[in-house]
*Asks:* 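One structure, as structure tokens, below. Some questions next.
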Amino acid sequence: MIEKNSDNDNPSKVHRDFLREQIDCDLSSGAIETVVTRFPPEPNGFLHIGHAKSIQINFGIAQEYRGKCNLRFDDTNPSKEEKQFIEAIKRDVEWLGFLWNGEVKYTSDHFEYLFELACHLITSNNAFVDDSSADEIRNSRGTLTEPGKQSPYRDRTVEENLDLFKRMRAGEFKDGTRVLRAKIDMTSGNINLRDPVLYRIMHTSHPRTIDKWCIYPTYDFAHGQIDAVEGITHSLCTLEFSDHRPLYEWLVHKLPLPSQPKQYEFSRLNISHTVLSKRRLTSLVKGKHVSGWDDPRMPTIAGLRRRGVPPEAIRNFINNLSISKTEGMVEHAMLDHAIRENLNKHALRRMGVLRPLKVIIENYPQDKIEKVEVSNHPANPEIGSRMVSFGREIWIEQDDFLEDPPRKFFRLGLGREVRLRGAYLITCKEIKKTSDGQIVELRCSYDPDSRGGNAPDGRKVRGTLHWVSSNNSVDTEVRLYEPLFKTDKPKMGEDFLEELNPNSCKTLKLCKIEKAVFDSSHNDPAIQLERLGYFCIDKDSTADLPILNRTIALRDSWTKINK
RNA sequence: UGGGGCGUAGCCAAGCGGUAAGGCAACGGGUUUUGAUCCCGUGAUCCCUGGUUCGAUCCCAGGCGCCCCAGCCA
């Protein structure tokens, strides 16, 4: 069962889903000795959190059962694939914390073998070369309710098929003029069995084999065979491949393969307020609706990483879901929870003011600067503390002051007293405004006997504010994020762009951030700015202009009460 | 009107014939020098209708609803 505090990847905490039940069964029956899985991305885009589910399942299961998991690039379609994606995918899998078995594998490593298998299929009279055009093939495939018609080229002799197929390889024919097709059943209710295409001609350079080939196998002809070559025992994929399983099995049975892998399907991950399809993510990047694949608003692994989401939080999020065949949509609040749960444990506490309001402590000596001790993590004293400099001029958050506040407002108001975290109790005496009524400065007094924030007479001070002294602040740009989409389920089709959230990224300039945030001495990059949320330093930062990303805000029941 | 898959609380789900786990969200309350964290509490005649059974979320039959498939994409 999933236990409450699923902070690690302890197998005993992973639920026994139907995949693990199947594996338990195969292991105890002796059908297999060790589990071998694979994660088979096509290098045509960046990995997203939906892939993280597949990665977690494949690598996670292998780990648990002391088996193996291969990383295999399913690179059978050079028209869409690029080297940059191969590198990005490797980096993301590693960053998520997984180690693949041996070298990285590529379907293209076996193009010669696949070619031989195709010849074998032709020789056993199970495949034929079809001269029909793509349109003709489509038109004779039939529909969901009507059977298809056999190709006029279906009854060629084995010799003719073999000759033609070799000439396809030799580059004698133009793209689209011929394909190799399996000979199965044009009347099948399963359209994948209506003489599916196995090889197509593509005079396109491949990221790895370059110009060696001008014919490429389809997914269907490659996947199961390579599973067999790699000794995959459980080929785990998403539900939309269920209809391909009969074809997968047909090929595995017809061909002389070193093993007999089996395919099992689970439902893919959907998360509210975002999109998890490579097609739509690519469209966001190409249409410049985001700054790139690693834009912090993107649900890509690279985007989450840049936003400051730790890999462990992603793993915990996935582990808290369980594997099933039900297609649903997980609320993004679940991911948020996993992120906060993890960051709350690890992030160092610091202070920073996003929308600064100047406060002058009138009874504090003009040139005095003192250091007050503030905990780095109140719930975790072993993480230590730091000395924070305090002075006569400090910044507080504009939201933390109301000229005439309601009773339940536990913050600063004219004549009210609050605590500055770790420093002193202060009382607001006077408000300075511009001629048009804008509050620009507060004049306050402090209680010299309240050092550390403790009332000398034990009086109750409900509010505690974060603050930064002007001599200890770094002007910083801070980027705040919201979900990429306004609606929980962006509509299908290209008009999903209409539902982009115009406020998904808000940039604040000249925020006043405690210097210690930019100390490079701490290993853990995650920072909690107290009362504001979790932050990390963005890669766009320069020495002159530091930039923080807000990974996620703290839960906030106050603004909720106000609504 | 073909084939495949799925229907348990707002969301994700356990359950494998013996009388509905857990997590998220929401809502109460307590603690608190982060309105955070933490703690405690609150929710379901299991898509429908029949049937089998002492007993059905679980088995059977028939409905209904949702998703996927007609790429020389994966």
Side-chain angles (χ1 to χ4, degrees), chain A residues 1-4 6 15-17 21 40-42 44 74 76-77 79-80 130 132-134 137-139 141-148 175-181 187-194 196-202 216 218-220 222-223 237-246 265 267 272 278-279 320-331 333-338 340-341 344-345 349 351 374-375 378-379 408-411 419-423 425 452-455 461-466 488 528-533 553-561:
Chain A
M1 293 298 289
I2 297 168
E3 287 176 17
K4 180 137 182 276
S6 58
H15 172 253
R16 310 314 295 175
D17 50 78
E21 277 176 1
E42 185 192 12
N44 65 346
D74 212 352
T76 57
N77 184 358
S79 69
K80 295 187 172 178
D130 194 337
S132 307
S133 68
I137 290 179
R138 188 181 322 116
N139 292 333
R141 186 152 28 223
T143 67
L144 294 180
T145 52
E146 299 156 28
D175 286 10
T177 55
R178 281 177 178 79
V179 288
L180 182 72
R181 289 226 261 170
T187 68
S188 173
N190 183 343
I191 291 170
N192 292 298
L193 261 20
R194 317 238 264 231
V197 170
L198 269 21
Y199 263 92
R200 70 281 217 202
I201 300 171
M202 263 198 252
Y216 294 95
T218 57
Y219 164 85
D220 286 311
H223 206 92
C237 61
T238 45
L239 248 28
E240 64 268 30
F241 291 96
S242 301
D243 291 344
H244 293 247
R245 181 159 23 91
E265 311 89 17
S267 62
S272 73
K278 233 181 290 193
R279 209 204 90 246
N320 289 161
L321 269 18
S322 61
I323 307 165
S324 73
K325 299 185 95 140
T326 323
E327 301 177 85
M329 187 177 60
V330 174
E331 291 170 344
M334 284 246 211
L335 211 208
D336 292 351
H337 169 78
R340 289 197 186 98
E341 181 185 55
N344 178 47
K345 279 184 204 133
R349 270 55 175 176
M351 292 194 283
V374 182
S375 173
K408 288 291 220 177
F409 186 79
F410 307 136
R411 307 183 188 182
R419 173 168 32 245
L420 295 179
R421 170 121 239 206
L425 301 177
N454 304 299
V461 177
R462 177 64 207 259
T464 301
L465 309 186
H466 58 276
D488 58 351
Q528 184 197 94
L529 292 183
E530 295 206 43
R531 306 210 300 138
L532 295 175
L554 256 30
R555 290 189 64 187
D556 179 7
S557 54
W558 169 243
T559 48
K560 217 185 294 176
I561 291 166

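The structure presented is a predicted model; accordingly, all values stated were derived computationally and were not measured.
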*Asks:* Compare the minimum distances between each of B:C12, B:U34, B:A26 and the side chain of A:Arg555, then state the nucleotide with the smallest one.
*Replies:* B:A26
*Asks:* Could you tell me whether the side chains of A:Ser188 and A:Asn190 share a donor-acceptor contact shorter than 3.5 Å?
*Replies:* no
*Asks:* Which letters describe nucleotides 67-74 of chain B, given B = protein heavy atom under 4.0 Å from base, S = only from sugar-phosphate, - = neither?
*Replies:* BBBBSBSB
*Asks:* When you compare the protein's N or O atoms with those of nucleotides 7-10 of chain B, which come within less than 3.5 Å of each other, and at what distance?
*Replies:*
unit_1	atom_1	unit_2	atom_2	d
B:G10	N2	A:Glu331	OE1	3.0

*Asks:* Between B:G3 atom C1' and A:Arg245 atom CZ, what is the distance in whole Å?
*Replies:* 12 Å
*Asks:* Just checking, any donor-acceptor pair under 3.5 angstrom between side chains of A:Ser132 and A:Asp130?
*Replies:*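 Yes, a side-chain donor-acceptor pair sits under 3.5 Å.
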*Asks:* According to the Watson-Crick and G-U wobble definitions, with both distances under 3.5 Å, which nucleotide is paired to B:C59?
*Replies:*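 Base-paired to B:G51.
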*Asks:* Can you tell me how far C1' in B:C58 sits from the matching atom in B:U19, rounded to whole Å?
*Replies:* 12 Å
*Asks:* Taking CE from A:Met334 and C1' from B:C12, how many angstroms apart are they, rounded to a whole number?
*Replies:*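 Whole-Å distance recorded here is 4 Å.
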*Asks:* Could you check which nucleotide pairs with B:G41 in any of the strands shown, counting Watson-Crick or G-U wobble with both distances under 3.5 Å?
*Replies:* B:C27
*Asks:* What does B:A13 pair with, Watson-Crick or G-U, if both distances are under 3.5 Å?
*Replies:*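 Pairing partner, where one exists within any strand: none, as none qualifies.
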*Asks:* Please determine whether a side-chain nitrogen or oxygen atom of A:His466 lies at a distance below 4.0 Å from atom OP1 or OP2 of B:U34.
*Replies:* no
*Asks:* Choosing from B:C16, B:G5, B:C12, which nucleotide comes nearest the side chain of A:Glu21?
*Replies:* B:C16
*Asks:* If pairing requires Watson-Crick or G-U wobble contacts with both distances under 3.5 Å, which nucleotide is the partner of B:G2?
*Replies:* B:C69
*Asks:* Picking from B:C24, B:U34, B:C6, which would you name as closest to the side chain of A:Ala333?
*Replies:*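 Per side-chain heavy atoms of A:Ala333, the pick is B:C24.
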*Asks:* Does the structure show a Watson-Crick or G-U wobble partner for B:U32, both distances under 3.5 Å? Name it, or say none.
*Replies:* none
*Asks:* On a plain distance test, is the side chain of A:Arg531 in donor-acceptor contact with the base of B:G35 below 3.5 Å?
*Replies:*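 Answer no: no donor N or O sits under 3.5 Å from an acceptor.
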*Asks:* Among A:Arg419, A:Glu530, A:Arg531, exactly one meets side-chain hydrogen bond (donor to acceptor under 3.5 Å, both in side chains) together with A:Thr464. Which residue is that?
*Replies:*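 Of all the options given, the one that passes is A:Arg419.
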*Asks:* Quickly work out the A:Asp556 CG to B:U37 P distance and round it to whole Å.
*Replies:*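 The distance from CG of A:Asp556 to P of B:U37 comes to 10 Å, rounded to the nearest Å.
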*Asks:* Taking the same atom, P, in B:C60 and in B:G22, what whole-Å distance lies between them?
*Replies:*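 Roughly 29 Å separates the two P atoms.
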*Asks:* Select one nucleotide: of B:G5, B:U34, B:C12, the one nearest the side-chain heavy atoms of A:Leu321.
*Replies:*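 Of all the options, the side chain of A:Leu321 is nearest to B:C12.
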*Asks:* How far does the C1' atom of B:G23 sit from the matching atom of B:G51, given to the nearest Å?
*Replies:* 37 Å
*Asks:* What integer number of Å spans the C1' atoms of B:C12 and B:U52?
*Replies:* 34 Å
*Asks:* Taking atom P of B:U31 as reference, at what distance in whole Å does atom CZ of A:Phe410 sit?
*Replies:*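 Value for this atom pair: 12 Å.
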*Asks:* Using atom CG of A:Asp336 as one end and atom C1' of B:G23 as the other, report the distance to the nearest whole Å.
*Replies:* 15 Å
